Structures are given as structure tokens and as C-alpha cells.
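The structure appears below as C-alpha cells.
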Amino acid sequence: MAFDKKKVVYQIYPKSYKDTTGNGVGDLRGIIEKLPYLEELGVDVIWLNPFYPSPQRDNGYDISDYTAINSLFGTMADFEELVAVAKSHGIDLMLDMVLNHCSIEHEWFQKALAGDKFYQDFFILRDEPTDWLSKFGGNAWAPFGDTGKYFLHLYDKTQADLNWRNPHVREELFKVVNFWRNKGVNSFRFDVINVIGKDEVLEDCPVDDGKPAYTDKPITHDYLKMLNAATFGQDQISMTVGEMSSTTIENCIGYSNPDNHELSMVFNFHHLKVDYDNGQKWTRKAFDFEELKNLFHTWGEEMSLGNGWNALFWNNHDQPRALNRFVDIENFRNEGATMLAASIHLSRGTPYIYMGEEIGMIDPDYDSMADYVDVESINAYDELLAAGKSPEESFAIIQAKSRDNSRTPMQWDDSLNAGFSTGTPWLKAGKSYQEINVANEKEGPIFTFYQKLIALRKETPIVAEGSYKVAYKDSDKVYAFERELNGQKLLVLNNFFGQEVELELLAGYEAGQVLISNYDAPELAKKIRLMPYQTLAILVD
Ligand code: NOJ
């Protein structure tokens, strides 16, 4: 079981990529249509968010049938065609496996509710709820029908946590993964996989909404080894990534060190909390560069020393667009987008691009709460009002933090609905679509820079495989690191601000060669000047 470190992953939110039927929802045939575009970009794997039957209460993360296609998105024949056509473009599919919970409309839950004891043990039922909070607001327990018992839901009250302690549950879930392997899929993303391990006796945990009581429990590593052995670990080549909620480096090394036979790599989210006030998401604060830089350094270096492997990303379907968070987009959208890209594509780990990032998409800038669809945002707005915030301030927070920011339709051109759909889109297109769209941007500085970065990882072993070492640790403007492989060294400098910065180059690099920059390559000398949001990578043999 090995995975290829030269590969780059592109994430598609199927609901918002391309609608070919006019029903306002993106579909599998829309993805097939766009495969030549993705091949041109150069990506190797596409991660698709869930497209299985689901009441869509959490946009498909509430699955009611794990081995079928939601008719909103197409048919199984469409899916099979997608796998085959993607392969002909040199692209593999990565499927989203939501194995911590299922929808309460799933037949397992329905049978449990109807009194079937076998299926009741598929869920986490208790007479007394604990004090844990749901990640989507409120208590994490809901009444289990009229039995007087409660079932655990760490997410929405329609997403019931599955009982991984029960071997029958594990067996059923492993069958799900194998079903998709049999369709020719060898890459998987495992949703919130570090919360699957729950203790037999559950206790109150007043710390951090109860998270320590169920996050990164040692038994999770055992479950992952079982999952690996029973499914993708049997493939010669597979790529797997675990989404790790509120995790630690130590655990992530455990999850991704190849000797442990768990997963290929891990997502963690610490770097995307550096604009949270007091650790709270539903607040507004400028990002803390010092915190960001230190987090990247600690994770980069320790994962490198422990032989773990990070999935590297700025954007996904749960995050507002990184450009709005980290860049002065009024003045430096191109420079900022390319610098952010280089800061992860040249680092140690596997880079993920979220649809639209390659053309510099930004948040939609909606005018009213009525434009939002996401359950988490709607709950959060109500909670902000209830906590005494004004409607204006509450709305401003939703505008900055909502997950819908990244879920808006892909901006293909300047026609109606950004060329996404001829019907009414399930979520409105962003206001910027007439300027920021594929038709305008494909020859532009952002898209072409992504193409170069993706190609560099394939051509340059140090980019794909080199170790990670902290550089310019004390800089208050520049996030920099060194990579090393077989005596070669690569220095990557990223100016995170809209002002020029002067630097003294580390010894040896003035005689090096510029591998890539988002400005004209400067003359290398002892002292160099980085332009606003400049990225500069220098190679020495
Ligand atoms: C993480 C997913 O990325 C998110 O979209 C979802 O709401 C939760 N897991 C629950 O499945």
C-alpha cells in the first residue's frame, strides 16, 4: 500500500460544480464535462463530496444509503462512466466516506427505532445524556423515539453516531468501502474519522464542549488498522486521508506513519483557526500571522521528524475562502492567491486545491440571511441573536464565517448564474462572477501559476519528498521553510503582507537558482527585497 507523493488533489463540491440538467444542482455528468479542464490544470485525483442518497440536511453528510447515487446527481451508470472517463484523463477519484454517523433516515436507524435490538446496537443509546455539545449547536443527545432513551449525535440531530464498538457495524462499514473499491475507486477521504472511538461508559466532560471525551481515543488507531486491513490496504496503490477534528501532532503521526498501516495522510484545522477570537469560530478577527507561522512550523517539522504526512490546504467546503481571510484582495488578489498556493504546494505534504481556488474565487458577499442555506450558519445566526448581538453584527459574522462562502456555484463564465446552471441554483452565485470566472482567468496569473506548481511537484523530487525545516523563525512578515533531499536544498520565502520586506538570504542561497516566483525573478544577492505577497523559491545543489 503506497501512495504517490507527486500527486495533487482537487476537491469538487458536486452540488455546485456544473449542472447539466437545469435543476439547479450540480451533477456527475457536469463533472464528466469538465474533466478536460481538470486535466489541463494538471491535477491527479478528484475528491468528491458525498453524492449518496441523503435528506440533505447537512448537504449529503447525512447519508441514508451508502451504496447508491442520489438521483439529484445522476445514476450509477453516470458514476461508472465518470470513473472510466476520469481514468482516460489520468485522473483518479477520491470518495468521501462518512462513517462516524448516518442519517436518521438510514434503514439501520429506522429499524432500530422500530424496536429491532440488533440495529439498536448500531447506535449509541443511553438512558442519561452526558453534557457534551453538538458541533452544530445545542446538546449532543436527542430523544430516541418514545423509548425514553437518547441517541448521540455529535453533528446535527439527524446525523446519528454509529457504534464502532459493535463488530457488525464495522463489518457493514467496511463493506461500504469495498463496494466502491469494486467500482474502481482506490482513494478515500474519511470524514471526522478521529471521533469514531467512543468509550463504553460515557461521562460528562465540561472541558471544550466534551471533545476530549471522544476525540483521538487510542482505540481509533485500532479501528483504522482494521479498516485498512479489510479494505484499501489490500490495493497496491491507494490514497487515503482522514479528516481529524481538534487533533494533536502525536496522533496525526500515528494515523499517517506508513509503519502503522492506518491512513496515507491527515487533515488538521489548527491553521484555519488563527482568525478566531478566543478560539471561537463565530467571531471576527484579523488573522494572527505569528500563530499561523508557528503552527505551520511546528506541524511541518514534527510531522517530518515523525514520518507522518499532512494534507495541505487553505480551502474546503467548510471554510470561507482563504483569499478573504489572509489577503488584501482589493489590491493584491493575484499576488496573494499565488503566494498562498506556493506556501503549501512547495511544502512537505500533499496539496489539495478546492474548486475555484485555481481562479482566485472569493466569498459571495451575500446581502441577506435569506441567501444562506447551511444548517450550521442558520443555527449560529440564531445563537448569536440569542446571545444579545445585534442583527447587523450577527449577519456580519455569518458573512465572514459561513460554510456557504465556499459552496457557491463554480464560476465558469459571465453568463447567468456564472455558467453553472440554466435553472435556479440551489445556492446563489457570488457577486464577483462577472470578473472572476474560468473564461477570464484561464490564461491569467493565478491559473497558470497553479499549473506550474503542480508540474513542479512532478518534476522535482525535493518538492515531493524533501524534509521540512523551519527558516526565518522570528520574521513577523515572512513564512519561510527549507526542504532537503539528497544534498539538495530548497528555500521557500512567502511574504504574507502587502508591504515590501528586506531579508538577508541564508548562507549559500545567493548562488542558487530561482525555481519559481510570482514576480519576475530577482537578482539573488546577500540582501534581497520581497515585494507585497511575493513568494520566492530558491534551489541549491
Ligand atoms: C466534516 C464535513 O467536512 C462537514 O461538511 C460535515 O458537516 C461534518 N463533517 C459532519 O459530517
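In each ligand, atom 1 is the first atom listed, and ligand 1 is the first ligand listed. Remember, predicted model here, so these are calculated numbers, not experimental data.
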Within reach of ligand 1, part of Arg57 (heavy-atom separation under 4.0 Å): neither
Protein contact to atom 3 (O) of ligand 1 [nearest heavy atom, distance to 0.1 Å]: Asp318 OD2, 2.4 Å
Between Lys211 and Ser245: side-chain donor-acceptor atoms closer than 3.5 Å: no
Part of His317 within contact of ligand 1 (heavy atoms, under 4.0 Å): side chain
Distance filter under 4.0 Å to His101 heavy atoms, resulting ligand 1 atoms: 10 (C), 11 (O)
Sub-6.0 Å ring centroid separation between Trp426 and Tyr372: no
Phe136 contact mode with ligand 1 (heavy-atom cut-off under 4.0 Å): side chain
Salt-bridge present (Asp374, Arg407; N to O < 4.0 Å): yes
Atom 1 (C) of ligand 1: the protein heavy-atom neighbour that sits closest, reported with distance to 0.1 Å: Asp191 OD1, 2.9 Å
Aromatic plane relationship, Phe267 with Trp47 - under 30° parallel, 30 to 60° tilted, over 60° perpendicular: tilted
Ligand 1-proximal atoms of Lys135, by part, heavy-atom distance under 4.0 Å: neither
Check: Tyr61 and Asp96 side chains under 4.5 Å, non-hydrogen atoms: yes
Within the 6.0 Å centroid threshold, strictly below: Phe51 and Tyr13: no
Closest protein heavy atom to atom 6 (C) of ligand 1, given as residue, atom name and distance to 0.1 Å: Asp58 OD2, 3.4 Å
Whether Asn100 side chain and Asp161 backbone form a donor-acceptor pair below 3.5 Å: no
Enumerated ligand 1 atoms positioned under 4.0 Å from heavy atoms of Glu243: 1 (C), 3 (O), 9 (N)
Atoms in ligand 1 flagged as close to Arg407, the criterion being non-hydrogen separation under 4.0 Å: 5 (O)
Part of Gln319 with heavy atoms under 4.0 Å of ligand 1, whether side chain, backbone, both or neither: neither
For Arg403, the ligand 1 atoms whose distance to one of its heavy atoms is below 4.0 Å: 4 (C), 5 (O), 6 (C), 7 (O)
Given Val241, Leu48, Ile12, the one that forms side chain to side chain contact (heavy atoms under 4.5 Å, CB included) with Met94: Val241
